[in-house]
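Before any comments, here is the structure.
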Amino acid sequence: MGAGRLLVLCLALAAAAAAPAAGQRPSAVSVGALFTYDSVIGRAAQLAIELAVDDVNADATVLAGTTLNLITQDTNCSGFLGTIEALELMEKNVVAVIGPQSSGIGHVISHVVNELHVPLLSFAATDPTLSASEYPYFLRSTISDYFQMHAVASVVDYYQWKEVTAIFIDDDYGRGGVSVLGDALASKRARISYKAAIPPNSNTDVVSDVLFRANMMESRVFVVHVNPDTGMELFSTANKLRMMASGYVWIVTDWLAAVLDSSRSSDRNDMNYIQGIIVLRQHTPDSVAKSKFISKWNNMARNRSIGSALNSYGFYAYDSVWTVARAIDRFLDSGQQINFSADPRLHDSNASTLRLSTLKIFDGGEQLLQQLLLTNITGLTGQVRFDSDRNLVQPAYDILNVGGSGSRLIGYWSNYSGLSVASPEILYQKPPNRSTSAQRLYSVIWPGDITTKPRGWVFPNNGKPLRVGVPNKPSFKELVSGGKGPDNASGYSIDIFNAAIKLLPYPVPCQFVAIGDGINNPNYDDIINRISTNSLDAAVGDFAIVRNRTKIAEFTQPYIEAGLVIVAPARRANSSAWAFLKPFTVEMWCVTGALFIFVGVVVWILEHRTNEEFRGSPRQQVLTIFWFSFSTMFFAHRQNTVSALGRFVLIIWLFVVLIINSSYTASLTSILTVQQLATGITGLDNLVASALPIGYQAGKFVRNYLIDELNIPASRLVPLSTVQEYADALNRGPKNGGVAAIVDEMPCVEIFLSSHCKFRIVGQEFTKEGWGFAFQRDSPLAADLSTAILQLSESGQLQRIHDEWFTDPSCGSEDSGLGAVQLSLGSFWGLFLVCALICTLALMVFFGRVCWQYSRYSNSKADGEPNDAAATAVATAIVTEMQPSKPRPTRLGSFKELMQFVDTKEEEIKKVMKRRTSDKDNGAGGSSHGRSISSA
């Protein structure tokens with residue numbers, strides 16, 4: 001027992017002596033690096049990594065007391081060898097790996113580091129499919145191709161190209177980038193029209209074949225996403241195929257910028273092949289540290305006789321080392337230890353020589369990964385910080401235009417504000433602005449040394465003509481007629497299309513494909529669907545541009561307006577003995593008659609006191625009122641008006657009578673002469689409200705419009721195909737199995753009415769569609785033909801073609817007279833109201849004046865009333881003079897007395913008042929004389 005205790009005590013002391021003190025830093029920590037030494041990226045990265053390790057070890061503030069040990073492995077541009085090298089690196093107990101350079105190797109190695117918990121920090125693997133969700137220990141310290149492809153899409157959208165051809169290396173790197181490019185273009189309403197995949201390690205013949213097939217397509221915008229070590233051979237081949245001439249557009253990802261930056265000026269013999277192309281390069285802001293690093297790198301390259309120059313991947317490699325170093329420093333500061341343990345699932349079998357048991361799990365891998373994700377430093381590439389998706393924040397690219405012996409900067413792209421000519425560092429200080437007006441680039445010199453923006457596409461040089469679908473209908477052949485042969489199509493729409501095609505600056509061979517049997521109308525929506533399924537390239541005919549069709553096809557500008565109208569049968573109205581009463585409604589007749597009498601009474605009142613023609617016995621005065629009122633209808637009144645108020649009222653009334661007479665005459669003429677609608681349909685509203693059957697042209701969009709937009713039951717709709725079916729259905733009418741009206745587009749209706757005069761357009765055009773030519777979505781032909789249609793319109797040729805096919809109708813179309821209606825009070829109430837108000841105002845003025853006269857008359861009588869018999873005799877004589885047939889009462893205070901005053905002629909009233917004034921003066925003089933005699 002004593003010996004056993006002694007053995008345990010010795011073992012414990014030995015373990016204590018072997019274990020480092022708590023919190024003690026190791027003297028050295030190993031970091032691995034995976035890249036291809038002899039490659040464009042590898043040559044720049046190797047020196048950058050070595051310089052970074054030297055700088056870290058020389059900096060006392062980072063990893064104090066601990067040396068950063070770098071272990072590099074050459075992947076030899078091989079996925080297999082790279083995997084072997086990576087496994088050998090893992091045997092050396094590295095805590096992190098900088099690399100790999102290749103995205104393909106990154107996919108394989110990520111599974112290894114996931115198992116061994118070793119963080120993988122790649123400065124060149126840009127494949128966006130290397131995601132954190134699948135590879136949690138993979139961290140990208142460069143910009144993902146996700147952002148680069150969105151930058152490419154922004155350039156394509158800026159120049160308004162809709163289709164591109166993607167040329168890419170057929171590996172993880174190439175396929176991943178092109179997949180994102182397709183999504184980025186789709187967000188800009190553009191697309192990849194053709195994918196040209198180049199197998200890895202292809203020879204010149206294979207590359208030539210791929211480019212030749214790409215050149216047969218219509219797109220002339222090529223996006224090239226290949227490896228930097230073999231990419232220049234592609235442009236040499238393209239130059240031999242004359243694909244670097246004017247009209248072509250080449251947009252190249254950052255691999256070419258790495259090649260150009262790495263090439264010394266004396267090595268740029270291939271510059272002639274790439275003139276005018278657009279190149280992207282990772283944006284790294286200028287700084288003092290960056291300038292010092294470039295100088296240090298160049299000095300070391302000269303000392304080692306390295307022929308290549310530095311490229312942007314060298315900056316990211318340098319920052320990657322510093323990122324790892326600072327993360328390890330924080331890891332050790334937190335008290336963590338660097339320990340490795342065996343993986344129980346990895347063991348060597350008896351016959352295996354792979355030594356899998358040498359691969360150890362890094363116990364602190366998860367903690368170190370978290371420290372890497374917390375990185376927030378400023379490096380040579382700018383701010384080094386990771387977002388929630390583990391991508392670098394503030395990704396940005398320089399956009400270069402190759403020309404002469406180098407390249408020039410034409411702008412920038414950033415995920416913050418899109419395209420701009422201002423550097424991203426300036427834009428980060430402002431609010432983000434991704435509006436279309438804010439997107440800007442400097443001018444570009446394109447291939448062929450031209451400054452005009454290339455169109456970006458040509459008609460495909462594959463010997464296939466444009467497949468143009470043409471509806472083959474039994475009628476309305478003036479519009480479009482699909483013949484039996486590919487060149488036998490004719491009609492108004494075909495002539496417009498051919499004239500527009502001739503205006504294009506490039507040849508477009510066309511082959512017309514007749515759709516339909518010529519007996520029944522084809523379904524127009526089915527023809528448009530054939531375009532979306534690539535069975536047809538275009539469709540020409542009377543195709544209305546409606547909402548559901550624009551979702552699956554691209555339409556040109558309308559070449560003719562074609563709104564919907566209603567056609568109904570018309571007939572001559574039968575005259576009757578009482579036709580003269582029809583122009584006005586009963587209400588209108590009653591109000592008009594009442595107004596005649598009212599005006600006659602008003603004029604009689606205004607003229608009665610001053611005009612002898614409006615006086616006499618009661619019977620005579622009543623006859624005068626009625627005669628005067630109704631004779632004004634024909635301006636035949638013989639009574640003259642003498643008062644100012646009477647003349648004013650008469651002028652207004654005669655104007656009203658003129659309007660009434662004119663309206664009556666026009667309405668009566670219309671009722672007796674024009675045609676009337678046989679079915680009573682006068683417009684869209686009562687057509688929809690009725691339950692009558694409606695005809696439409698079979699195969700066109702009208703049926704869906706009536707059902708979906710106007711909610712008309714399908715049971716009321718009758719399909720018709722020919723002009724004769726139109727006429728027969730309208731002639732039979734709804735009672736005999738026909739239709740009450742037909743709804744169709746205006747050009748079709750014009751053709752129908754040109755030979756059928758018994759029918760008329762009812763109401764107004766109630767939609768505003770137009771006809772256009774349909775093409776596949778985002779087809780550049782649609783935009784070019786729209787421009788050509790505008791040219792036809794401006795030159796007058798569009799109208800001349802219209803006049804050739806749309807002949808003048810053989811019968812007149814007096815549409816305005818259809819279904820003449822009676823005139824109601826609603827059309828004249830304003831005029832009648834003004835007349836009535838003027839008459840009322842005249843009466844008020846008249847009675848006010850009469851009351852004023854009566855007041856003066858009463859006052860003059862009271863002041864001048866005599867007290868003796870002589871004065872009484874004078875007053876009686878005056879009253880007798882006023883009323884010779886009746887004795888006048890002594891006082892005028894009653895209503896009857898007022899009426900008698902009103903009935904008295906105004907001239908007599910004035911005479912009496914004048915006489916009273918004279919008698920008053922004489923009486924005053926006589927009294928004075930009497931008093932004088934008495935005094936005497």
Please check if the number of heavy atoms outside [X] that lie under 6.0 Å from its [atom1] is greater than 12.
X	atom1	result
E804	CD	yes
W589	CH2	yes
K502	NZ	no

Donor-acceptor pair, side chain of [X] and main chain of [Y], under 3.5 angstrom:
X	Y	value
R530	I515	no
D517	N520	yes
D526	N523	no
S193	V164	yes
S532	I552	no
S481	G491	no
R220	R455	no
S690	L687	yes
R716	V688	yes
N529	D525	yes

Looking only at heavy atoms, what is the nearest atom pair of [X] and [Y], with distance?
X	Y	result
A714	R703	CB-NH2, 3.7 Å
W457	P780	NE1-CB, 3.0 Å
E765	A562	OE2-C, 4.1 Å
F701	A544	CE2-CB, 3.6 Å
V508	I501	O-CG2, 4.2 Å
P471	G541	CD-CA, 4.4 Å

Name the atoms and distances for all side-chain donor-acceptor pairs under 3.5 Å in residues 705-713, with sequence neighbours left out.
none

How long is the span from the [atom1] atom in [X] to the [atom2] atom in [Y], to the nearest 0.5 Å?
X	Y	atom1	atom2	result
D495	N498	CG	CG	6.5 Å
E554	F775	CD	CZ	10.0 Å
F773	Q557	CZ	CD	11.0 Å

Is there a side-chain contact between [X] and [Y], using heavy atoms and a 4.5 Å cut-off?
X	Y	result
Y559	L785	no
F598	F832	no
T165	V223	no
W161	K453	yes

Side-chain donor/acceptor pairs under 3.5 Å, residues 788-800, sequence neighbours excluded:
unit_1, atom_1, unit_2, atom_2, d
S795, OG, Q791, O, 3.0
S795, OG, L792, O, 3.1
Q799, NE2, D803, OD1, 2.9

Inset, instruction - Using distance alone, with no hydrogens and no angle criterion, decide if T585 and E587 have a side-chain donor and acceptor under 3.5 Å apart. - result: no
Inset, instruction - State plainly whether the residues E163 and R191 are in salt-bridge range, i.e. N to O under 4.0 Å. - result: yes
Legend entry - Cationic N near anionic O, under 4.0 Å, D542 to K700: yes
Inset, instruction - Go through the steps for W771 and Y492 under the test ring pair (Phe, Tyr, Trp, His ring centres under 6.0 Å), then give the verdict. - result: CA-CA 12 Å; W771 290 348; Y492 167 70; 7.4 Å; no
Legend entry - Trace of the side chain to side chain donor-acceptor pair (under 3.5 Å) decision for Q724 with T722: CA-CA 5 Å; Q724 189 59 44; T722 66; over 6 Å; no
Inset, instruction - Could you walk me through whether Q697 and K473 pass side chain to side chain donor-acceptor pair (under 3.5 Å), step by step? - result: CA-CA 11 Å; Q697 188 175 165; K473 305 192 297 181; 3.1 Å; yes
Inset, instruction - Might you work through the side chain to side chain contact (heavy atoms under 4.5 Å, CB included) test for Y506 and D784, ending with a clear yes or no? - result: CA-CA 10 Å; Y506 46 87; D784 288 354; 2.6 Å; yes
Legend entry - Ring centroid separation F476 to Y726 under 6.0 Å: yes
Inset, instruction - Determine the interplanar angle of the F543 and Y524 rings, folded into 0 to 90°, and report it as parallel if under 30°, tilted if 30 to 60°, perpendicular if over 60°. - result: tilted
